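This report refers to the structure that appears directly beneath it.
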Amino acid sequence: MTTLFDPLVSGDLSLANRIAMAPLTRNRSPRAVPTELTAAYYAQRASAGLLITEATAISHQGQGYAHVPGLYAPEQIAGWRKVTDAVHAAGGKIVVQMWHVGRISHTSLQPGGGAPVAPSAITAKAKTYIINPDGSGSFVPTSAPRALDIGELPGIVEDYRRAARAAIEAGFDGVEVHAANGYLIDQFLRSGSNHRTDAYGGSIENRARLLVEVMEAIVAEIGAGRTGIRISPVTPANDAADPAPAPLFKHVVEQLARWPLAYVHVIEGATGGARDFQQGDEPFDYAALKAAYTQAGGRAAWMVNNGYDRELAAAAVAEGRADLVAFGKAFISNPDLVRRLRENAPLNEWDSTTFYGGTEKGYLDYPALA
Ligand SMILES: Cc1cc2nc3c(=O)[nH]c(=O)nc-3n(C[C@H](O)[C@H](O)[C@H](O)COP(=O)(O)O)c2cc1C
């Protein structure tokens, strides 16, 4: 019987165990540059089979929150190099989550103070976090976006390709394409945010076109075995909405089956909320999604996330419903989560007031077992 503590070869990744650290935005990168603190934070958690970084902007246009890191300027790549060196020195593996926020942004975060971009000019009912001119921070409604011209899309695909190359230069073991949680790629996928009438809107095939082109470009640049992807078929995060997620995500995973990827990462339910959250008329069938992927020839490791505890995670791996389980909040408060799960030791509670922003407190000071 497979356990959480068995190693796994996943694409080009050789992982010591089946426990991943989920991507977790911490807003501690001033001027979008990861720091020594970032390196210490990930190194503390290097016993995870795989660390997935916080979402990291592929371009200035892809930025949507204050103090989140980027992967498009030399100083950002140098900052990440410190992180990957520290993680590798501690024996870990780390991939970077590649992010374009689309409409989940604010004019003050955009190049030239312009409007954020989106598949269609529909403002999300969502908030973002900005720094005010006086230096204080606040949550504010996202700005009205403008619809991307079809002629701009090759440039966005090119930004992903360039960021994937930068990730390898920065020493990452691979990348995770953020296609979840209502950000740009997810905005294209879902009919609630995509009202386009060109080749990128309307049919499921058209709405998935940007995702497929981004994957093609990254796979060509760094290889499928170093490329993973995260999807969230039903989450309502950031005003993501689609009345028919089952056929949409069946098509998505059938497309993903074209490449021998590092992994496919699925958020089950509402991100950070109910695991049985539903969009449309029927409960979402995650086993059917995995079966559709396998039937289409997909062989990549299947990673699951959302509300997993020790028991649920062990059962998912033992019963073959998942190859890897990603833990989010438990990894914020337990740097030695793998050991604690192995020994069935109690977990530290997390402090949600220090999730976003700040310095060492709530970042580097959660204790490991003696
Ligand atoms: C503080 C915080 C930051 C997050 N940042 C990201 C992120 O950058 N990218 C992402 O895909 N999900 C992000 N998430 C969602 C988590 O990856 C994960 O899906 C969620 O916490 C559910 O897993 P859990 O129940 O194990 O915590 C974030 C969640 C939290 C609590």
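These figures come from a predicted structure and were not determined experimentally. Counting starts at 1 for both ligands and their atoms, following the listed order. For the single chain, residues carry numbers from 1 onward in sequence order.
For the pair Asn132 (side chain) and Asp134 (backbone), a donor-acceptor distance under 3.5 Å is absent. When atom types are taken as modelled, the side chain of Glu152 and the backbone of Asp149 share a donor-acceptor pair closer than 3.5 angstrom. Within the 3.5 Å criterion, the main-chain N or O of Gly223 finds a donor-acceptor partner in the side chain of Thr227. Counting only distance, with no hydrogens or angles, the side chain of Thr3 and the backbone of Phe5 share a donor-acceptor pair below 3.5 Å.
On a distance-only criterion, Lys329 and ligand 1 share at least one N/O pair closer than 3.5 Å. Residue Thr25 has at least one nitrogen or oxygen atom sitting less than 3.5 Å from a nitrogen or oxygen atom of ligand 1, judged on distance alone. Residue-to-ligand polar distances keep Glu54 apart from ligand 1: every N/O pair is separated by 3.5 Å or more. Residue contacts with ligand 1: Phe327 is placed with no nitrogen or oxygen under 3.5 Å of a nitrogen or oxygen of the ligand (distance criterion only). Residue Arg230 places at least one N or O, backbone or side chain, under 3.5 Å from an N or O of ligand 1.
Per-residue contacts place His178 under 4.0 angstrom from the following atoms of ligand 1 (heavy atoms of the residue considered): 9 (N), 10 (C), 11 (O). Interface of Asn181 with ligand 1, defined as ligand atoms under 4.0 Å from a residue heavy atom, comprises 10 (C), 11 (O), 12 (N). In the vicinity of Ala55, heavy-atom distances shorter than 4.0 Å reach the ligand 1 atoms 8 (O). Remark: ligand 1 atoms within the under-4.0 Å shell around heavy atoms of Ala22 are 17 (O). Each of the atoms 1 (C), 31 (C) of ligand 1 lies under 4.0 Å from some heavy atom of Phe355.
Atom 25 (O) of ligand 1 has its closest protein heavy atom at Gly307 N, 2.8 Å. What sits closest to atom 15 (C) of ligand 1 on the protein, heavy atoms only, is Thr271 CG2, 3.7 Å. For atom 2 (C) of ligand 1, the nearest non-hydrogen atom of the protein is Tyr356 OH, 3.4 Å. Among all non-hydrogen protein atoms, the one lying nearest atom 6 (C) of ligand 1 is Pro23 O, 3.1 Å.
Counting heavy atoms closer than 4.0 Å to ligand 1, residue Gln97 contributes side-chain atoms (C-beta onward) but none from N, CA, C or O. For Leu24, heavy-atom contacts with ligand 1 shorter than 4.0 Å involve the backbone as well as the side chain.
Of the charged side-chain nitrogens involved, none lies within less than 4.0 Å of a carboxylate oxygen, so that Asp336 and Arg45 do not count as a salt-bridged pair. Taking the charged nitrogens against the carboxylate oxygens, Arg258 and Glu216 do have a contact shorter than 4.0 Å, which makes a salt bridge. Using a 4.0 Å cut-off between charged nitrogen and carboxylate oxygen, Glu213 and Arg209 do not count as a salt-bridge pair. Checked for salt-bridge contact, Arg162 and Asp159 meet the test: a charged N lies under 4.0 Å from a carboxylate O. At a threshold of 4.0 Å, the pair Lys361-Asp365 does not count as salt-bridged, since none of the basic side-chain nitrogens sits closer than that to a carboxylate oxygen. A salt bridge does not link Glu169 to Arg165: none of the charged nitrogens lies less than 4.0 Å from a carboxylate oxygen.
The option from Ala313, Gly328, Gly269 that lies nearest to atom 26 (O) of ligand 1, judged by heavy atoms, is Gly328. Selection from Asn305, Thr354, Ile332 by nearest heavy atom to atom 18 (C) of ligand 1 gives Asn305. Compare Asn306, Asp309, Ile267 by their heavy atoms: the one nearest to atom 22 (C) of ligand 1 is in Asn306.
Not a single heavy atom of Trp99 sits less than 4.0 Å from an atom of ligand 1.
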What's the verdict on ring pair (Phe, Tyr, Trp, His ring centres under 6.0 Å) for Tyr65 and Trp99, showing C-alpha distance, side-chain angles and the deciding distance?
-> CA-CA 11 Å; Tyr65 301 82; Trp99 199 22; 5.5 Å; yes
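Two rings, from Trp80 and Phe172, have their centers less than 6.0 Å apart.
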